[in-house]
**Student:** 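Below you will find the structure I want to go over with you.
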Amino acid sequence: MTGDGPTEGPSNSLWGGRFEGGMDPRMVPLNLSLDVDHRLWPEDIRGSKAWAAALGGAGVLTEEEVASIRSGLDAVAARLADGFDFRGAPDEDIHSLVERLLGEEIESLAGKLHTGRSRNDQVATDLRLWGMDACRALIARLTEVLGALLRLADRGRNVVMPGYTHLQQGQPILGAHWALSPFWPLLRDVEALERVIESAGVLPLGSGALAGCPFPVDREALAAELGFHAVTENSLDAISDRDWVLDLLYAGMRIGLHLSRIAEDLVLFGSREFGFVRLSDGFSTGSSLMPQKRNPDLAELTRGKSGRLTGNLVTLATILKGLPTGYNRDLQEDKPPVFDTVDTLRTLLPAVAGAIEGAEFVPERIRAALDPQLLATDLADYLVKRGVPFRESHEVIGTLVRISEVERIPLHELPAERYREVHPAFEADVLEVFDWERSVASRKSRGGTAPNSVEAQMERARKVLAAVQGGATERDASLG
Ligand code: ARG
């Protein structure tokens with residue numbers, strides 16, 4: 001490798017030595033990845049500075065050489081940070097570009113940096129560094145959604161609404177209980193991202209192209225300098241392992257699925273037919289034709305993006321399937337899906353947080369939608385409390401529901417005597433069952449919808465959010 005800088009057309013200076021002719025022009029655009037991987041430049045610089053120091057420690061470079069390379073890399077970073085035109089660069093990928101620019105700073109000494117290193121362990125390291133920071137940024141954004149859900153729950157503490165199964169009214173619940181139901185899945189997503197950070201935090205650098213490094217670099221020190229908690233055990237595995245990327249894409253997909261459920265509720269509950277929840281103007285959209293429209297595009301886009309997030313996981317899994325051992329260029333295709341998942345979520349999460357922040361319950365519409373049949377289970381429980389086996393009481397209430405429907409008299413307007421005719425265990429107080437607040441208050445199990453249980457749930461949610469936020473602020477600070 002000569003490292004003699006840019007030539008006419010794409011520069012093959014990283015590997016051109018054995019080739020006589022240039023690259024076929026039809027191969028050039030296929031071979032380029034700079035348009036995608038240029039954003040790894042800060043990580044490439046970080047990794048390269050650490051590698052220079054490791055080579056110094058191994059006695060491959062003198063102290064002065066290490067110092068010149070490191071300050072040369074700083075100068076390259078300053079150029080790249082300052083509106084560098086990546087599109088105009090002739091280089092194959094970000095690693096080639098950084099090395100060429102380093103040559104412009106420190107001339108032939110730049111050619112010593114790549115000693116013992118391959119782009120295979122280099123790109124694996126860069127992407128892990130990028131991925132760990134990306135997960136931290138996503139966690140910070142997820143906590144904003146969690147906070148918004150908690151505040152929505154607070155606004156729904158006194159709202160009794162229908163709870164649904166099969167999108168049919170099932171049992172009454174508190175609005176706060178509904179609002180907190182996505183809090184926990186999204187919290188599990190935060191935990192999933194924390195596990196991704198853990199699995200990404202194993203250093204591949206020092207694995208070379210596939211077989212390891214012949215110079216005595218201290219990989220543990222390298223890991224510590226770069227913020228990895230461990231080093232890889234097998235160089236062949238290290239340069240091709242993208243499991244942590246799969247984990248990240250899976251976490252991204254799951255976040256998308258969880259957000260799409262919130263979104264679907266917002267679409268339904270924001271419709272004229274339900275009217276339970278109103279999004280703020282800032283998160284509603286109009287129609288270019290129909291002046292009355294108030295569309296939930298926010299929620300629909302959220303639902304749509306979940307398809308894209310799912311696609312990104314499938315893309316990478318498909319790329320990885322059937323690869324032979326070792327580095328294969330297919331692996332370069334890992335970046336578009338992972339960048340897209342992270343970018344998509346970085347755009348989506350603040351919008352979702354803002355929409356939830358501004359969402360309001362519409363209590364009168366919710367009240368109007370409550371059907372007394374929502375208390376059918378409570379009626380069954382009434383009999384159970386009087387010693388009737390649940391299966392029998394289920395049957396009895398079914399009969400009463402049928403009578404109510406056939407005679408077109410709502411359950412709560414059937415006289416107590418009609419109840420007694422169907423089962424002798426009913427007493428005059430049966431109609432007291434028809435009390436929304438009482439029904440909700442009866443479900444006091446931990447995790448249930450009774451006001452006290454929901455208060456306790458909110459309290460736990462607040463505590464875990466504070467803990468996550470504590471971690472997230474630390475992380476944000478470390479992001480610089
Ligand atoms: N651009 C490549 C990638 O992202 C870098 C590694 C290239 N290695 C190689 N042996 N061609 O995977």
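Residue indices begin at 1 and follow the sequence shown. Counting starts at 1 for both ligands and their atoms, in listed order. Just so we're clear, the structure is a prediction, and the values are computed from it rather than from any experiment.
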**Student:** Does the pair R128/D241 count as a salt bridge with the N-to-O cut at 4.0 Å?
**Tutor:**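 Salt bridge: yes.
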**Student:** Quick one: pull up NZ in K335 and CG in L316 and give me the separation to the nearest 0.5 Å.
**Tutor:**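 The CG atom of L316 is 10.5 Å from NZ of K335, to the nearest 0.5 Å.
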**Student:** Any pair with a residue in residues 246-269 that passes salt bridge (Lys or Arg N to Asp or Glu O under 4.0 Å), sequence neighbours left out, goes on the list, sorted by first then second residue, please.
**Tutor:**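 Passing the test, one end in residues 246-269: D189-R254, E264-R303.
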**Student:** Who's the nearest protein heavy-atom neighbour of atom 5 (C) of ligand 1, and how far?
**Tutor:**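 In this structure, atom 5 (C) of ligand 1 has D93 OD2, 3.7 Å as its nearest protein heavy atom.
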**Student:** Checking side-chain polar atoms at under 3.5 Å, does D74 have a donor or acceptor matched by the opposite partner on S71?
**Tutor:**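 No pair is found: no donor N or O on one side chain lies under 3.5 Å from an acceptor on the other.
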**Student:** Is it true that D133 and R136 make a salt bridge, defined as a side-chain N closer than 4.0 Å to a carboxylate O?
**Tutor:**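 Salt bridge: yes.
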**Student:** Mark the output for K335 as yes if a heavy-atom distance to ligand 1 is under 4.0 Å, and as no if none is.
**Tutor:**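 True for this residue.
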**Student:** Within the structure, does R329 bring an N/O atom to less than 3.5 angstrom of an N/O atom in ligand 1?
**Tutor:**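 In this structure, R329 places no N or O atom under 3.5 Å from an N or O of ligand 1.
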**Student:** Tell me which protein heavy atom sits closest to atom 10 (N) of ligand 1, plus the residue, atom name and distance to 0.1 Å.
**Tutor:**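 Ranked first by proximity to atom 10 (N) of ligand 1 is N120 OD1, 3.2 Å.
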**Student:** Please tell me whether S48 and R117 have a donor and an acceptor in their side chains that are separated by less than 3.5 angstrom.
**Tutor:**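 Yes, because at least one side-chain N or O of S48 sits under 3.5 Å from a partner of the opposite role on R117.
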**Student:** Does anything in residues 178-210 pair up under ring-ring contact (aromatic ring centres under 6.0 Å, His included), and if so which pairs, sequence neighbours excluded?
**Tutor:**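 As it turns out, the ring-ring contact (aromatic ring centres under 6.0 Å, His included) pairs with a partner in residues 178-210, which skip direct neighbours, are W178-F269, W178-F361.
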**Student:** Just need the protein heavy atom nearest to atom 1 (N) of ligand 1, so name the residue and atom and give the distance.
**Tutor:**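 In this structure, atom 1 (N) of ligand 1 has Q332 OE1, 2.8 Å as its nearest protein heavy atom.
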**Student:** Which residue and non-hydrogen atom of the protein lie closest to atom 7 (C) of ligand 1, and at what distance in Å?
**Tutor:**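 Protein heavy atom with the smallest distance to atom 7 (C) of ligand 1: Y327 OH, 3.5 Å.
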**Student:** Within a distance under 4.0 Å of any heavy atom of S33, pick out the atoms of ligand 1 and give their elements.
**Tutor:**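 Contacts of ligand 1 toward S33, numbered from 1: 1 (N).
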**Student:** Counting from 1, what ligand 1 atoms have a heavy atom of V123 closer than 4.0 Å?
**Tutor:**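 Answer, ordered by atom number: 4 (O), 12 (O).
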**Student:** Which residue holds the protein heavy atom closest to atom 11 (N) of ligand 1, what is that atom called, and what is the gap in Å?
**Tutor:**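 The closest heavy atom on the protein side is R119 NH2, 3.8 Å.
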